[in-house]
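The block underneath contains the structure these notes are about, expressed in structure tokens.
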Protein chains: 2
Amino acid sequence: MQKEARPGTGEQAKQHALVQLRQAILRGEMAPAQRLVENELAEQFGVTRASVRAALIELESEGLVERIRNRGSRVRVVTVEEAVAITECRMALEGLCAAKAAVEASDEQLAELADLGAAMTKAVADGEPVTYSELNHEVHARIREFSGQQVAVGLLERLNAQLVRHRFQLALRPGRAQQSLSEHLAMIEAISARDPQAAEAAVRVHLGSVIDALRD
Amino acid sequence: MQKEARPGTGEQAKQHALVQLRQAILRGEMAPAQRLVENELAEQFGVTRASVRAALIELESEGLVERIRNRGSRVRVVTVEEAVAITECRMALEGLCAAKAAVEASDEQLAELADLGAAMTKAVADGEPVTYSELNHEVHARIREFSGQQVAVGLLERLNAQLVRHRFQLALRPGRAQQSLSEHLAMIEAISARDPQAAEAAVRVHLGSVIDALRD
DNA sequence: ACCAACAAGATTGTCAACAATTTTGTTTCG
DNA sequence: CGAAACAAAATTGTTGACAATCTTGTTGGT
């Protein structure tokens with residue numbers, strides 16, 4: 001175990017630990033339910049335990065880490081039912097964002113969405129699921145952004161972070177991309193048509209199908 | 001300044017500080033934008049600074065407190081635009097909960113809602129705005145609870161906590177209770193009729209009118 | 001009088017040591 | 001052989017002190 005970076009360069013130690021730990025969890029480098037011992041993490045990141053501790057507290061309220069009194073922290077495992085519940089909330093909130101984006105987005109932003117749609121179509125045609133998954137994520141992020149609804153954006157980012165592991169499993173499923181593609185195109189079309197109700201409906205259809213896929 | 005309680009009785013110091021501070025903020029005992037100095041709070045609650053610190057980090061991600069690097073913490077002030085944005089999110093999430101509650105709630109739980117509706121009607125008739133406001137809050141809490149949607153419940157509780165100050169202002173407005181009452185009764189009726197779509201629509205109507213009232 | 005540089009005070013960020021708690025392994029008794 | 005009691009190890013919770021940073025008040029020059 002060697003120290004990864006130098007927190008002495010003015011970079012706040014707690015922030016450093018927070019960023020590193022979050023990345024490690026989101027990248028899936030930590031096994032599900034893996035124990036997170038404060039001392040080990042402190043040495044690994046080259047900071048003190050107090051900083052790791054502060055980071056863990058923050059990650060707990062982000063829903064990425066589970067902490068039990070006097071028993072330590074572990075990577076939180078999201079069950080399938082939880083993933084479904086989270087996606088239901090996404091349905092409500094992303095529906096709101098899509099409706100607002102249909103009204104608020106500039107013409108340039110709509111063009112950007114159209115470009116993303118074309119890129120997704122190409123990725124599916126070329127059979128590149130990884131690229132497609134990234135574009136998928138990007139489309140959702142852009143729609144959130146264009147809505148201008150900061151509160152919803154914050155909530156959604158937190159929710160999405162909890163779904164990383166399930167997202168992986170979903171993306172690699174054969175035939176999933178094709179269905180997902182048409183749903184995304186429908187979302188983009190409705191927003192471009194500046195039709196809030198249709199945009200919200202399209203998002204609901206899409207995430208409804210995600211829920212079905214999650215349930216296997 | 002005297003110590004308020006005994007953290008030595010096994011009650012974890014950080015939890016103690018967290019609960020105390022949260023209550024103080026929610027009760028409005030801390031003036032808006034008031035500075036929260038770690039040392040003062042530590043002495044006031046009879047715990048050490050580290051515990052206060054941990055509590056502040058948690059309250060920050062709950063959106064109740066604002067922390068700036070090396071500059072300290074203060075009670076977060078929610079602007080009117082933010083309150084509107086938060087209520088838009090409530091609209092989406094409580095709509096989801098109402099729809100699920102219409103399907104999932106037991107007959108006993110529906111009876112409980114009916115009782116609350118009757119109590120609200122009486123409170124308005126008797127001209128007791130404080131009682132009405134409490135019942136109002138209770139109805140929303142029950143509907144959330146009956147939905148069984150744990151994730152949405154968590155998000156909504158966080159959002160509601162940020163609105164305390166605005167809620168006060170809203171409740172005392174003359175004529176507001178009458179309009180609010182009929183909207184609540186419509187929500188209860190739709191859920192009792194086990195009609196998810198109507199329930200969701202009723203919630204949206206209600207919170208839409210809250211948004212209008214917020215904007216003055 | 002005004003502005004910049006500087007110094008003093010206040011406050012947060014970090015650290016290492018200590019105490020409390022839980023878990024695990026061992027022993028002893030039935 | 002199994003179960004309860006006990007002891008040892010690991011880990012988290014807490015504490016007080018120290019360092020870094022920001023704010024404020026003061027001073028000196030123009």
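Chain A is the first sequence line, chain B the second, and so forth, proteins listed ahead of strands; every chain is numbered from 1.
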**Message:** Rounding to an integer number of Å, can you tell me how far Arg74(B) CZ sits from dT12(C) P?
**Reply:** 11 Å
**Request:** Please identify each residue that fulfils salt bridge (Lys or Arg N to Asp or Glu O under 4.0 Å) with Glu66(B), with sequence neighbours left out.
**Result:** none
If you look only at distance, which donor and acceptor atoms sit under 3.5 Å apart when one is on a side chain in residues 45-52 of chain B and the other is two or more places apart or in another chain?
| residue | atom | partner | partner atom | Å |
| --- | --- | --- | --- | --- |
| Arg49(B) | NE | Glu38(B) | OE1 | 3.0 |
| Arg49(B) | NH2 | Glu38(B) | OE1 | 3.4 |

Any N/O pairs under 3.5 Å between the protein and nucleotides 11-13 of chain D? List them or say none.
| residue | atom | partner | partner atom | Å |
| --- | --- | --- | --- | --- |
| dT12(D) | OP1 | Leu36(A) | O | 3.4 |
| dT12(D) | OP2 | Glu38(A) | N | 3.3 |
| dG13(D) | OP1 | Asn70(A) | N | 3.4 |
| dG13(D) | OP2 | Arg53(A) | NH1 | 2.6 |
| dG13(D) | OP2 | Arg53(A) | NH2 | 2.7 |
| dG13(D) | O5' | Arg53(A) | NH2 | 3.2 |
| dG13(D) | N7 | Arg49(A) | NH2 | 2.7 |
| dG13(D) | O6 | Arg49(A) | NH1 | 3.2 |

**Request:** Identify, with sequence neighbours excluded, every residue that meets ring pair (Phe, Tyr, Trp, His ring centres under 6.0 Å) alongside His140(A).
**Result:** His184(A), His206(A)
**Asked** Residues two or more places apart in sequence or in another chain: which of them pass salt bridge (Lys or Arg N to Asp or Glu O under 4.0 Å) with Arg74(B)?
**Response** none
**Prompt:** Pairs in or reaching into residues 145-156 of chain B: which pass side chain to side chain donor-acceptor pair (under 3.5 Å), with residues at least two apart or in two chains?
**Reply:** Glu88(A)-Gln149(B), Arg142(B)-Glu145(B)
